[in-house]
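Below: one structure, written as structure tokens.
Remember, predicted model here, so these are calculated numbers, not experimental data. Here is the naming used below: chain letters follow the sequence lines, and residue numbers restart at 1 for every chain.
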Protein chains: 2
Amino acid sequence: MRKTSTRDIANLAGVSQATVSYVLNGRQDQSISDQTRRRVLDAATRLRYRPNRLASGFFGGRSSMIGVVFPCVDSSFFGRLLFGIQEVCLEYDSVSILSFTQTDPQQEQRAVDQMLEHRVDGLLMVSGVYTGMWFDDVRTESIPCVLLDDRTHAATYDVVASDDVAGAKNAVEYLIGLGHRRIGMLGYNSPLTPVRDRRIGYEAALREAGLEVEPGIYLECEWDETPEGYGTLLFDLIDRYAPTAFFAATDYHAHDFIKAVHQRGLRVPEDFSVIGYSDTELGTGLNLSTVRQDAVAMGSTAATRLFERIASQDRERCEILMPTELVVRGSCCSPQAKGVLAGVGGKQ
Amino acid sequence: MRKTSTRDIANLAGVSQATVSYVLNGRQDQSISDQTRRRVLDAATRLRYRPNRLASGFFGGRSSMIGVVFPCVDSSFFGRLLFGIQEVCLEYDSVSILSFTQTDPQQEQRAVDQMLEHRVDGLLMVSGVYTGMWFDDVRTESIPCVLLDDRTHAATYDVVASDDVAGAKNAVEYLIGLGHRRIGMLGYNSPLTPVRDRRIGYEAALREAGLEVEPGIYLECEWDETPEGYGTLLFDLIDRYAPTAFFAATDYHAHDFIKAVHQRGLRVPEDFSVIGYSDTELGTGLNLSTVRQDAVAMGSTAATRLFERIASQDRERCEILMPTELVVRGSCCSPQAKGVLAGVGGKQ
DNA sequence: TTGAAAGCGTTACCAT
DNA sequence: ATGGTAACGCTTTCAA
């Protein structure tokens, strides 16, 4: 039982397929009599016609699909990004194909391959590892591509990222404003710019406040390291440098830190002030002060940019930096104030 | 500049398009000489051939795409669901189209329309509102469809959901085991089965323990209500029934509850034990005991089921209930134990 | 073992 | 104002 096609409509309405196409697509340059139009529209509803995008994409070279490649969706940050992208897709009457890579180059390649085979109109790469062949593929196929949340290749591609230098700087300045002078940072080993930028912002804030940037006060762990794993390092650092506050590269690292602190019987914020990053649900639960990235706006900005580039390839490359906002919750206080605060987290 | 097609390969290899198709699809029923095969494969790589799925889907009636309709991705629960779905898509060499509805029937209809136009091979509907026409559309188009996380239409469709009756029962039994006798529940107004089932499980646990199910001890708010909004109701309930523990229908409601409790200067778990539901990141941050649903497994089970049904329409309808697991963290204690615990959450 | 040709649903160009 | 027709890339049937 075949689906109804424009030919069926044409037959029922007693017109040609071309006329049906004109009516259905509302083309202006072709004039159709009202009577014909009504007959066609009528036949279409009677036959429950549903256009076949596969066919029109196949013919016209526009699939009305974009490919979205994510590392994962663990974090509510990625969820919100996705949501922003979706909203714009709807506007542009398009649909998005989603893939996850788990930051594995091979999976990333696979994802892009799939999308290219499905002839997506454009590609949105989120926090990619960018080590695969796909990078060349995208160029040789000259498919519109916007990179999201990483500025590494801003020279070559459109990029939408958040202004992490400013976000981190602002967060650390807040800690300084509270009276902290010895502020550590918890980062992780990553080839991507967001983490690097956060460190840059962190150091800039220290320098501008006339504070020394002691190299050992920055603790970098591996991405998958557990708090048990680097707890020792952490307390070595604390013993050696006596920081009173920590800026964490993500809410997850802030969480790990808080866990380690609790394990030693110490408290946040009384003993250490902490700021996280990305305003995830985890941070909400922790009552953690954090740097909010307007992920929905980032997603929609990137998607909009992508659709613009799809519409006209030959426009200038852009690098859009989205502003951040400090969300003040209960994980920070002055280094002097002790024992009067509600506290954060709980025993695990 | 056209993309390379099988015709180009055929020309370069000096064979026909049909032969190219045979080689590329590795068909067994056609025998191809090794020499020809090599020539074709060679030409394909030289021309950087990439199959056009739009074309093959268009022709063969199989798009290698499934449609996934979500209400939102606010929660890490949905993120994990998505991940499970993705994994299976990869296995079946398919791709998923994603849409969000914000539980708005019109957006839901729109999403399904889009997917049907894109000729997805099947549909995965997650926590849908199911009020739209699409319900009929799916039937008349007889497109494979699996419903995820809601059992309302288990009589008509394949359903994969979590065993929320058991999950809730287990959680409440845990509270009873701790010595609680007066246990309230926080739910919200929803037409979907998960919330209703959690209430059923809650009441079953009370009954089986010989405890009375006082109707007023169940507090139902609207989905978008703020803790400020129902705080009064909550404390009315507390005054009237003096519960010592609460079972919340979601981690979000548990969070709201905790906030309200803190606003009154009371504490969790010292004054009230609380259990949430779904094991979200929010709950992790809150150090909240909660009922974990293996969302990744749910997603992959549902997707597997969908692909099976795509492969053969005529198999029996199924209703798969996934087990849950109680995650014990720091939000519960015996009703007697006071003042000795680490506490949960913090001042907002 | 291979090739020719038809057909899928759509759109766009060029006639009428 | 409308219709005929070619073209898109692929698969498959049938014939050689």
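Among the atoms of the strands shown, only primed sugar atoms or phosphate atoms (P, OP1, OP2) are found under 4.0 Å from some heavy atom of B:Ser56.
Straight-line distance from the CD atom of A:Gln17 to the C1' atom of C:dG9: 7 Å, rounded to whole Å. Computed from coordinates, the B:Phe59 CZ to D:dT13 P distance equals 8 Å when rounded to whole Å. Atom CZ of B:Arg38 is separated from atom P of C:dT2 by 12 Å (rounded to the nearest Å). Atom CG in B:Asn25 sits roughly 13 Å away from atom C1' in D:dG9 (whole-Å rounding). Look at NZ on A:Lys3: it is 16 Å from C1' on C:dT10, rounded to the nearest Å. Separating the CD atom of B:Gln35 from the P atom of C:dT1 is a distance of 12 Å, rounded to the nearest angstrom. Note: CG (A:Asp8) to C1' (C:dC8) measures 13 Å, nearest angstrom. Taking atom CG on B:Asp34 and atom P on C:dT2, their separation rounds to 10 Å, with Å as the unit.
Between B:Phe58 and B:Thr19, the residue whose closest nucleotide on DNA chain D is further toward the 5' end is B:Phe58. Position along DNA chain D of the nearest nucleotide to A:Ser16 versus B:Arg50 favours A:Ser16 as the more 5'-ward residue. Remark on DNA chain C: of its neighbouring residues B:Ala18 and B:Ala55, the 5'-side contact belongs to B:Ala18, judged by nearest-heavy-atom nucleotide.
Taking side-chain N and O atoms only, B:Thr36 has no distance below 4.0 Å to OP1 or OP2 of C:dT1. Within the structure, a side-chain polar atom (N or O) of A:Ser21 is placed less than 4.0 Å from OP1 or OP2 of C:dT11. Contact between the side-chain N/O atoms of A:Asn52 and the OP1/OP2 oxygens of C:dC8 is not found at any separation under 4.0 Å. Listed pair B:Arg2 / D:dG9 meets the phosphate criterion, a side-chain N or O lying under 4.0 Å from OP1 or OP2. The phosphate of D:dG9 (OP1 or OP2) has no side-chain N or O of B:Ser5 nearer than 4.0 angstrom. OP1 or OP2 of C:dC13 has not a single side-chain nitrogen or oxygen of A:Tyr22 nearer than 4.0 Å.
The CD1 atom of B:Ile85 lies 4.5 Å from the CZ atom of B:Phe70; values are rounded to the nearest 0.5 Å.
Closest to the side chain of B:Thr6, from the set D:dG3, D:dC10, C:dT10, is D:dC10.
For the residue pair A:Gln114 and A:Ser99, the shortest heavy atom distance occurs at OE1-OG, 3.9 Å.
Using a cut-off of 4.0 Å between Lys/Arg side-chain N and Asp/Glu carboxylate O, A:Asp8 and A:Arg48 are scored as not salt-bridged. B:Arg315 has no carboxylate O lying under 4.0 Å from a charged side-chain N of B:Asp158, or vice versa, which leaves the two without a salt bridge.
Proximity of a side-chain donor or acceptor of A:Arg80 to a complementary backbone N or O of A:Asp294 within less than 3.5 Å is not detected.
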